[in-house]
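Notes follow the structure.
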Amino acid sequence: MGCTELTCILCPQGCQLTVAGRDGEWTIAGNACARGEGYALSEATDPRRVVTATIAVTGAVIPRLPVRTAGAVPKGCVLPLVRELHRLTRSAPVRLGEIILPDALGTGVAVVASRSLPAG
Amino acid sequence: MGPEVDVAVVGGGPAGLAAAVAAKEAGAASVVILEREECLGGILPQCIHTGFGLARFGEDLTGPEYAERYAGLAAEAGVEVLLGTTVLGLAPGPVLRAVNPSVGLFKVHARGVVLAMGCRERTRVQAGIGGTRPAGVFTAGVAQRYLNIEGCLPGQSAVIVGSGDVGLLLARRLTLCGARVAGVYEQLPYASGLMRNVVQCLHDFGIPLHLSHTVLEVHGRGRVEAVTVAQVTEGRPVPGSETVVPCDSLVVSVGLIPENELTRSAGALMDTATGGPVVDSRYRTTLPGVYACGNVVHVHDLVDHVSAAAAVAGADAARPAAGPAVPIVAGDNVRYVVPQRLVTGTPVRVYCRVVRPQRDVELAVCCGSRVIGRRREAAVRPPELLCLDLPAQSPDELTGPVVVNCHPREVA
């Protein structure tokens, strides 16, 4: 039976939460409000993050293009995804929102350009 | 004689963009932004993380996305933009003296000038870090630019001093780019950045946060080789607690300073608590026709607040609202209050920062014994800016100075 310690990020109070149990039987302690319970549960069962990184770009005034996942991906994907992105190169022009990877590591979430970069 | 415009905005970052758009929306015929860099957005293009725009656009945007969205709004509104243009002086009129490569020196006469130059980073020297002066010491914003714009890794193993948001974000970026972050050292007993950044940038990657610790000294000749860190109590290093941490770079994230050379040299009254000019709730400085907004006034933690306040400044620069003003001052456990003067007759959003962390409090805005606004908070921390909306006040209701207090909540 796992026991996880978390800091709640939903308000400046920063409650220290404890999540114990597994598979639908969770005991959450330390939260001052109901929102904290939801946060603890999602962090314990399926923590997700939006990933932001840069990829190489040629033919633009700067050498890096900022990119982001269109939604949150499982936390475990963050580092492998960034490594994959670091291998990519695009050439300018690039439009904001243009798809860089349609399906990041099989998560079903796309990686898109987060800035327009004209050629030049 | 230079060009005449309704509103001239100094700086094309988030504050300048929001002020310019709002000025146009309020009916200004001609609005011009004078921007030193070759692109709009200020610091936003290098802030590639999300967390921008939740309040302003109802979406969690990255910095470049937020900047591009606002630059688009400015273009649609018909705001004129002069890039590569440095403002050298501000004289009564108001008149701006500026320079750029295509025109040379020129003057801009404006009915309203909005100062939106933003802020700059405190450096190693200002943080009192001694030792040698090798390569490898960066402010967090400079390291962020190297990484996110230039694509250069500033070092292989870093120590970060100060736990401001940029430092925390950089700890994550460096780690994701393959560098090792030995630790973040914060001299206060609590983190200076937002809680979400502590969790998502440090906890997620197992980067240690050493509270009540600081960096005393840098070692190395050509390049940083190590730093000496020590425990701190009551602002002083504890003798005997020093440890040497090997690293090839030191990232300094020890706070921001409003950039106000222009404001000061023009003679605006300044507030020592914020480092910015004293403004009223329409963001007018004490200089006729001169407004200030964004990080020039005080350092914000969320860009959405910058845009909201700058929009008030821009709108008033286009169409000044009259009305007497009364002072609004910091009371118990409040470090500063912005604006510093309250114009009667219009609703006002008041921003403040507390002196020390406190739980279960009521933030109350009072004029004598009358409470004009109050808000309960489960917890307050100095790094998190607090805001409170006040309804429009009539001049005869505000008989004396207005005070903002942060008091423990009374148990009913």
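Quick note on labels: first sequence line is chain A, next is B, and so on, each numbered from 1. None of the values given here were measured: they were computed from a predicted structure.
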Find the one option among [options] whose heavy-atom pairs under 4.5 Å with chain B are most numerous.
{"options": "A:I62, A:T52, A:L65", "value": "A:T52"}
{"options": "A:L6, A:V61, A:L79, A:T7", "value": "A:T7"}
{"options": "A:R68, A:R64, A:R115", "value": "A:R68"}
{"options": "A:S116, A:C33, A:G97", "value": "A:S116"}

**Which of B:L61, B:T175, B:N148 touches chain A most, by non-hydrogen pairs under 4.5 Å** = B:N148
Per-residue contact mode, [X] against chain A (heavy atom under 4.5 angstrom):
{"X": "B:R359", "result": "side chain"}
{"X": "B:C177", "result": "both"}
{"X": "B:E65", "result": "both"}

**Message:** Could you tell me if B:E35 and B:T85 have a donor-acceptor pair between their side chains, going purely by distance under 3.5 Å?
**Reply:** no
**Request:** Identify the residue among A:V109, A:T107, A:V82 that makes a side-chain contact (heavy atoms from CB on, under 4.5 Å) with A:C77.
**Result:** A:T107
**Prompt:** Residues two or more places apart in sequence or in another chain: which of them pass salt bridge (Lys or Arg N to Asp or Glu O under 4.0 Å) with B:R173?
**Reply:** none
**Item:** Cation-pi geometry met for B:R56 and B:Y66 (6.0 Å, 45°)
**Value:** no
**Message:** Would you say CZ of B:F57 has more than 12 non-hydrogen atoms from neighbouring residues, nucleotides or ligands within 6.0 angstrom?
**Reply:** yes
**Message:** Would B:H298 and B:Y351 count as a side-chain hydrogen bond (donor to acceptor under 3.5 Å, both in side chains) here? Give the steps.
**Reply:** CA-CA 10 Å; B:H298 65 121; B:Y351 297 92; over 6 Å; no
**Asked** Do B:Y70 and B:F52 pass the ring pair (Phe, Tyr, Trp, His ring centres under 6.0 Å) test, and can you show the C-alpha distance, the side-chain angles, and the key distance before you say yes or no?
**Response** CA-CA 12 Å; B:Y70 246 111; B:F52 303 90; over 10 Å; no
**Message:** Need one label for A:A56: side chain, backbone, both or neither, based on atoms under 4.5 Å from any heavy atom in chain B.
**Reply:** neither
